[in-house]
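Would you mind keeping the following structure in view while I ask a few things?
Keep in mind that what you see is a predicted model, and the values were worked out from it rather than measured. Basis for what follows: all heavy atoms, side chains included, without hydrogens, waters or symmetry-related copies. Below, chains carry the letters A, B, ... as their sequence lines are ordered, and counting in each starts from 1.
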There are 2 protein chains.
Amino acid sequence: MIMDERKKRILQAIIDDYIDTAEPIGSRTIARKHELGLSSATIRNEMADLEEMGYLAQPHTSAGRVPSDKGYRLYVDKLMPAHDLKIEDIEKLRSEMEFRINELSQLLRQASAVLSRFTQYTSMAVSPQLRASTIKAIQVVPIETGKALVIVVNNADIVRNGLVKISEYIKPQALITISNILNNRLSGLALHQVNLHIIKELERETGVPGEILMPILDGAADCIEQIDNQELYVEGTSNILNYPEFKDVAKARELMSMIDEKSTICKALADNARKDGLTIKIGTENDLTWIKDCSLITVNYNIADKLSGTIGIIGPTRMEYPKVISSLRYISKIVSDEINRLTGQDPGTG
Amino acid sequence: MIMDERKKRILQAIIDDYIDTAEPIGSRTIARKHELGLSSATIRNEMADLEEMGYLAQPHTSAGRVPSDKGYRLYVDKLMPAHDLKIEDIEKLRSEMEFRINELSQLLRQASAVLSRFTQYTSMAVSPQLRASTIKAIQVVPIETGKALVIVVNNADIVRNGLVKISEYIKPQALITISNILNNRLSGLALHQVNLHIIKELERETGVPGEILMPILDGAADCIEQIDNQELYVEGTSNILNYPEFKDVAKARELMSMIDEKSTICKALADNARKDGLTIKIGTENDLTWIKDCSLITVNYNIADKLSGTIGIIGPTRMEYPKVISSLRYISKIVSDEINRLTGQDPGTG
DNA sequence: TGTTAGCACTCAGAGTTAGCGAGTGCTAAC
DNA sequence: GTTAGCACTCGCTAACTCTGAGTGCTAACA
């Protein structure tokens with residue numbers, strides 16, 4: 001059987017309607033609402049064909065048709081109407097993102113919150129990961145007697161710090177010397193290259209005994225660990241309860257408890273994270289069975305080829321794809337611009 | 001009518017059972033399960049009395065009794081069995097909190113997650129607020145040409161930093177001078193005292209023109225703002241769907257969407273935050289109507305009289321109060337100990 | 001040959017009814 | 001004061017019916 005233009009128009013009409021109503025769509029509805037110039041009987045025949053071809057399914061004999069994953073796939077690839085955000089939506093999104101945010105974690109949390117509020121789906125954001133992370137600078141700053149602050153900056157200008165206790169007898173001047181040696185010795189190294197071997201060398205070079213050096217190096221190691229640490233922000237989980245497909249509490253609970261597990265979400269995103277740009281996984285296209293009734297749309301953004309992160313939206317397969325895609329694109333653009341601003345990669349727009 | 005010992009024992013038995021089963025409790029159940037040496041008829045009479053006194057309520061004539069908020073209040077204040085965490089629970093909680101966490105935000109998130117997993121309720125944690133926050137140290141560290149890191153440490157040793165762009169012509173040495181002046185001039189001040197007036201003074205003292213000083217001061221201001229910023233962590237919202245009292249999706253959605261709004265939760269916690277130690281608000285004792293079917297248990301912890309924060313659990317009024325209270329106490333102890341460790345207030349336990 | 005009107009058929013969901021059983025309050029006896 | 005007995009209440013469940021949206025098929029039509 002051949003997928004002609006008419007079939008496509010009918011399929012599109014069905015999916016558009018179904019996304020709206022979440023009710024199985026009958027031939028009469030299509031004949032009435034869409035001006036295809038066809039009677040319900042003709043549409044009925046076409047719908048039977050579309051079902052045979054696997055684009056539609058029937059919950060039970062006497063019900064209308066429902067799109068299958070394959071149907072959604074065609075819709076997303078070929079049929080879906082172009083969607084540009086309305087000017088007022090752009091304004092709204094921009095203004096909600098406008099808070100002056102100076103911390104990566106808050107920026108992502110914010111982005112996720114804005115997205116979920118706007119789309120009414122569940123949104124998540126993963127803190128950017130370094131492709132090849134190296135240490136740009138290490139500094140040790142005396143704070144008060146017995147306390148110093150260790151600061152690590154990596155090549156993407158992500159900064160972490162930690163307070164460390166040090167011997168009360170170290171003079172501030174000595175600390176600065178240690179700081180300089182550390183900085184010279186470690187900067188440029190990949191994070192994982194800081195090993196015991198190097199520590200031994202440092203001990204020798206600085207002439208500072210290990211037990212004094214150790215807390216500082218421990219502090220630095222913690223900072224490095226934190227930089228590598230992948231943080232996940234999920235917002236708008238309660239939206240799930242709005243979809244009729246999850247009116248059954250048991251089903252909603254299953255999905256929500258999976259989403260509550262950060263590690264599960266990370267697994268779901270991991271697969272998409274490798275690709276560039278926008279990825280759409282519809283229902284069973286997802287490897288994980290618990291998302292088999294949902295679609296997962298993610299955008300990966302790269303920053304100066306060093307950082308890469310993911311922002312995504314999860315919702316029922318019956319999802320407003322056009323709207324979700326355009327808003328996701330828009331927000332991810334804002335986020336990467338902001339990260340650029342934060343880390344000073346881009347001297348541009350300010 | 002007088003509240004004698006027997007009535008109390010019966011009330012306790014009813015509440016204990018109801019917490020377990022979430023089903024209205026009948027007189028026969030109590031007579032059978034609890035060895036009170038009374039027939040169901042006697043218990044029936046007592047239950048009628050307890051209802052008249054307002055401790056119990058009847059969903060409908062032919063159903064058993066259900067505790068009222070007043071009933072829970074008495075239970076919590078007087079009747080509730082003492083509850084100590086089992087050794088294996090303590091071990092479990094401790095080990096789940098044992099991850100070496102070196103960032104406040106992650107520590108709180110973790111605490112919240114552990115609590116919600118253990119109690120099966122929804123848990124939240126608010127980042128500690130300063131009672132009277134002052135600046136302990138400000139440092140400006142050169143990172144590379146045109147970039148510097150501004151670091152602010154407050155009197156509770158909470159550290160924030162931000163990258164700032166600076167003129168490419170400032171020499172590192174000059175930056176250190178600026179850093180020292182800033183530090184001398186600003187440390188000891190309350191965060192809100194850093195105003196335009198002081199900035200003008202700084203300009204004069206350092207001899208550095210405003211347009212060079214400004215980005216640095218802006219960065220410092222951002223850091224200060226971040227320190228003051230109250231962060232909220234909520235975990236285990238999906239647990240709500242496990243309670244039979246929220247088997248109705250509409251009801252669950254109402255609660256969950258409220259919980260999803262960070263600001264709403266903060267409002268709910270605000271009232272408790274002023275008190276010391278543990279606060280229990282049962283049902284309508286809460287000012288906010290959307291929690292009227294829930295209980296909110298919070299613990300405020302203080303750290304060296306400077307920091308104060310809140311950890312809390314929200315669940316149906318039919319809550320396992322003894323368990324929740326003891327685990328909340330335990331976790332909050334761990335959290336404040338950890339914060340002590342992080343900020344080095346307490347040279348103790350390591 | 002493709003399109004359409006007509007018709008018999010299907011079946012989920014809403015509404016109705018009946019029966020069950022857990023639980024009550026009251027009364028009278030212990 | 002306690003308890004056994006009993007009539008009564010009423011939410012819940014299961015069985016049943018009815019309705020209507022939707023289908024597939026057939027035959028007539030352009």
Problem set entry | Whole-Å gap separating P (C/dG23) and OH (B/Tyr18) | 13 Å

For this session: Would you mind telling me which residue lines up with the more 5' stretch of DNA chain D, A/Pro24 or B/Thr42, judged by nearest nucleotide?
Result: B/Thr42

Exercise. Has B/Arg28 got more than 12 heavy atoms of other residues, nucleotides or ligands less than 6.0 Å from its CZ?
Worked result: no

Exercise. Less than 3.5 Å between a donor and an acceptor, one on the side chain of A/Ser62 and one on the base of C/dT10, is that the case here?
Worked result: yes

For this session: Scan every strand shown for a Watson-Crick or G-U wobble partner of C/dT24, both distances under 3.5 Å, and answer none if you come up empty.
Result: D/dA7

Exercise. Quick check: are there more than 12 heavy atoms from other residues, nucleotides or ligands sitting under 6.0 Å from CD of A/Glu35?
Worked result: no

Exercise. Taking any strand in view, what nucleotide pairs with C/dC30 in a Watson-Crick or G-U wobble way, both distances under 3.5 Å?
Worked result: D/dG1

Exercise. Once you round it to whole Å, what is the distance between C1' of D/dT23 and CG of A/Leu50?
Worked result: 15 Å

For this session: For atom CD of A/Glu52, decide whether the heavy atoms of other residues, nucleotides or ligands shown that lie under 6.0 angstrom number more than 12.
Result: no

Exercise. With a non-hydrogen cut-off below 4.0 angstrom, is A/Ala63 in contact with a base, only sugar-phosphate, or nothing?
Worked result: sugar-phosphate

For this session: Would you kindly give the CD-to-C1' distance between A/Glu23 and D/dT23, to the nearest whole Å?
Result: 17 Å

Problem set entry | Side-chain donor/acceptor of B/Arg44 to base of D/dG5, under 3.5 Å | yes

For this session: Scan side-chain atoms only and decide if B/Asp17 and B/His34 contain a donor-acceptor pair under the 3.5 Å cut-off.
Result: yes

Exercise. What nucleotide among C/dT24, D/dG24, C/dT4 has an atom nearest to a side-chain atom of A/Leu38?
Worked result: C/dT4

Exercise. Whole Å only: how far is the NE2 atom of A/His60 from the P atom of D/dG20?
Worked result: 16 Å

Exercise. For A/Ser27, which contact category applies under a 4.0 Å heavy-atom criterion: base, sugar-phosphate, or nothing?
Worked result: sugar-phosphate

Problem set entry | Rounded distance (Å) that lies between atom P of C/dA22 and atom CD1 of B/Ile43 | 17 Å

Problem set entry | Distance, rounded to the nearest Å, where B/Gln58 contributes CD and C/dG23 contributes P | 11 Å

Problem set entry | Atom-pair distance (CD on A/Glu52; C1' on D/dT23), nearest Å | 16 Å

Seminar exercise, completed: Of A/Arg6 and B/Thr29, the one whose closest nucleotide on DNA chain C sits nearer the 5' end is A/Arg6

Exercise. Only one of B/Arg65, B/Lys70, B/Lys7 clears salt bridge (charged side-chain N to carboxylate O under 4.0 Å, His left out) with B/Glu51; which?
Worked result: B/Arg65

Exercise. Expressed in angstrom and rounded to an integer, what is the separation of A/Arg28 atom CZ from D/dG24 atom P?
Worked result: 16 Å

Exercise. For C/dG23, does either OP1 or OP2 sit under 4.0 Å from a side-chain N or O belonging to B/Arg65?
Worked result: no

For this session: With heavy atoms under 4.0 Å as the rule, sort B/Thr61 into base, sugar-phosphate or nothing.
Result: sugar-phosphate

